[in-house]
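What follows is a short report on a single structure.
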Amino acid sequence: MSDAVLSQFKQAEKEEKKVESGRKLRIGIIGTGGIAAAHMGHYLEHEDCEVVAGCDLIPGKAQKFMEERFEYFGANYYTDYKEMIAKENLDGVSICTYNAQHAEPAIYCLEHDIPVLLEKPFTVTLEEAEDVCRAEKKSKAFVSVGFQPRFNDNMKMIKKIVESGTLGKIYYIQTGGGRRRGIPGNTFIRKETAGIGALADIGCYSLDMVLNAIGNPKPLTVTGYVSDFFGKDPKYSRDPVNFSVDDFGAAFIRLEGGIILDFRISWAMHADSPGDTIIFGTEGALRIPATDCWNGSVGGPMTIYHDLCGQRTETVVPLLEDCDCFDFKIRTFLDAIKTGGPAPIPTSQIIYNQAIIDGIVKSAELKKEVEIKFSEDIL
């Protein structure tokens, strides 16, 4: 029984798209903090590109980042990304700044027709995300947003199960994740740099897992809640004085198609998890086990609950082998530059993710349900 059901979801082998090789792509990195190291490390693994420039607001930081951390010499260094773009004839840019500085350099790159790999979260507010989308529509370039878990085969399996129709019509989803203790520091916890806390850092991943699986329906309304009890408590936080974002968020979201999304996320809590993800459908349900520290993966074998000949049945979906999702993020970006797009992870999908996060923040401030409104020129 189980093998028969699972055979519906086996991945068909596909011939890889061949990309013409030529001169090396010239890549620049804006923001040389923690996540930039992953970008830099993976760019170095691909012979068809070279990182020719790095930019950081702090003088000397970009040079120290490349030369001391990676022993990578010969790149040019800047404190002004506009100067870098003017001088370097770039083919693509990774934007690895803190959250509050995502939109401005992304828009500037698009205005100069330079493709962008933009780290998550998309932006801080929906308004900023719409500004990026407007610039992208006018540009010859594209933005790919950094949601590398999409390349994980288990994440792809979730989407294939939903699309197969085995679950029937999806009507309710509970999702989220978190850490019993996992409050980061530095720019992550300051409103002026991060803008949003756990919601943006790991909540965006959890939202994308289910939104992508069900075809990215448009969000309509949000009732949201956020708190900061742990972040401001010296027993749990490294820097409670400067903590000014959320460490927990929850929401009740109405999506197009009559789907309800019940969401919660946490950097710190008195539990190992706020619960598994469950996608409820009229013909079956899919349980996706939570992880101890939510990082865009699946915590164990998934289970499909359904009926067979009137009998309640469970089909276990074995975990597939993990891949290097971050490398897929870099590789698909480079390939999209060569082929002129489309973006591997497009803004047209991720803007819904950003709209939900923005709605949670606004609803929590107003202490009531809010309607999500998009500008007419965006959708």
Problem set entry | With sequence neighbours excluded, residues passing salt bridge (Lys or Arg N to Asp or Glu O under 4.0 Å) with K232 | D228
Exercise. For Q63, which residues count as a side-chain hydrogen bond (donor to acceptor under 3.5 Å, both in side chains) partner, sequence neighbours excluded?
Worked result: E67
Exercise. Roughly how far apart are L211 CG and F263 CZ, rounded to 0.5 Å?
Worked result: 9.5 Å
For this session: Would you please indicate yes or no on a ring centroid separation below 6.0 angstrom for Y352 and F122?
Result: no
Problem set entry | Transitive ILVMFWY side-chain link L126 to V370, under 4.5 Å | yes
Pairs under 3.5 angstrom only: tabulate donor-acceptor contacts from the side chains of residues 212-227 to other protein residues two or more places apart or in another chain.
residue, atom, partner, partner atom, Å
N212, OD1, R150, NH1, 3.4
T221, OG1, E369, OE2, 3.3

Seminar exercise, completed: Taken in chain and number order and not counting sequence neighbours, the residues that satisfy side chain to side chain contact (heavy atoms under 4.5 Å, CB included) with S273 are A290
Problem set entry | For E163, side chain to side chain contact (heavy atoms under 4.5 Å, CB included) partners two or more places apart | K159
Exercise. For R26, does the CZ atom have more than 12 heavy-atom neighbours from other residues, nucleotides or ligands under 6.0 Å away?
Worked result: yes
Exercise. Between V143 and Y98, is there a shared hydrophobic cluster once you connect ILVMFWY residues whose side-chain heavy atoms come closer than 4.5 Å?
Worked result: no
For this session: Name all residues meeting the side chain to side chain contact (heavy atoms under 4.5 Å, CB included) criterion together with A141; count only those two or more places apart in sequence or in a different chain, and write none if there are none.
Result: L110, P115, S139
Problem set entry | ILVMFWY cluster, I58 and I29 together (side-chain gap under 4.5 Å) | no
Problem set entry | Set of residues satisfying side-chain hydrogen bond (donor to acceptor under 3.5 Å, both in side chains) with respect to H39, sequence neighbours excluded | S94, E119
Exercise. Ion pair present between D272 and R179, side-chain N to carboxylate O less than 4.0 angstrom?
Worked result: no
For this session: Name all residues meeting the side chain to side chain contact (heavy atoms under 4.5 Å, CB included) criterion together with D377; count only those two or more places apart in sequence or in a different chain, and write none if there are none.
Result: R134, S375
For this session: Please list all pairs passing the side-chain hydrogen bond (donor to acceptor under 3.5 Å, both in side chains) test where one or both residues lie in residues 168-178, with sequence neighbours left out.
Result: Y172-D262, T175-S206, T175-T277
For this session: Could you list the residues that satisfy side-chain hydrogen bond (donor to acceptor under 3.5 Å, both in side chains) with Y78, not counting sequence neighbours?
Result: E88
Seminar exercise, completed: Residues passing the side-chain hydrogen bond (donor to acceptor under 3.5 Å, both in side chains) test with D233, sequence neighbours excluded, are K235
Exercise. Should we say atom NZ of K137 is surrounded by more than 12 heavy atoms from elsewhere, each under 6.0 Å from it?
Worked result: yes
Review item, side-chain donor-acceptor pairs of residues 187-195, under 3.5 Å, at least two apart:
residue, atom, partner, partner atom, Å
T193, OG1, T187, O, 2.8
T193, OG1, R190, O, 3.2

Problem set entry | Ring centroid separation H270 to F230 under 6.0 Å | yes
Problem set entry | side chain to side chain contact (heavy atoms under 4.5 Å, CB included) between S144 and T332, intermediate numbers included | CA-CA 9 Å; S144 186; T332 56; 5.7 Å; no
For this session: Output the distance between atom CG (L261) and atom CD1 (I170), rounded to the nearest 0.5 Å.
Result: 12.0 Å
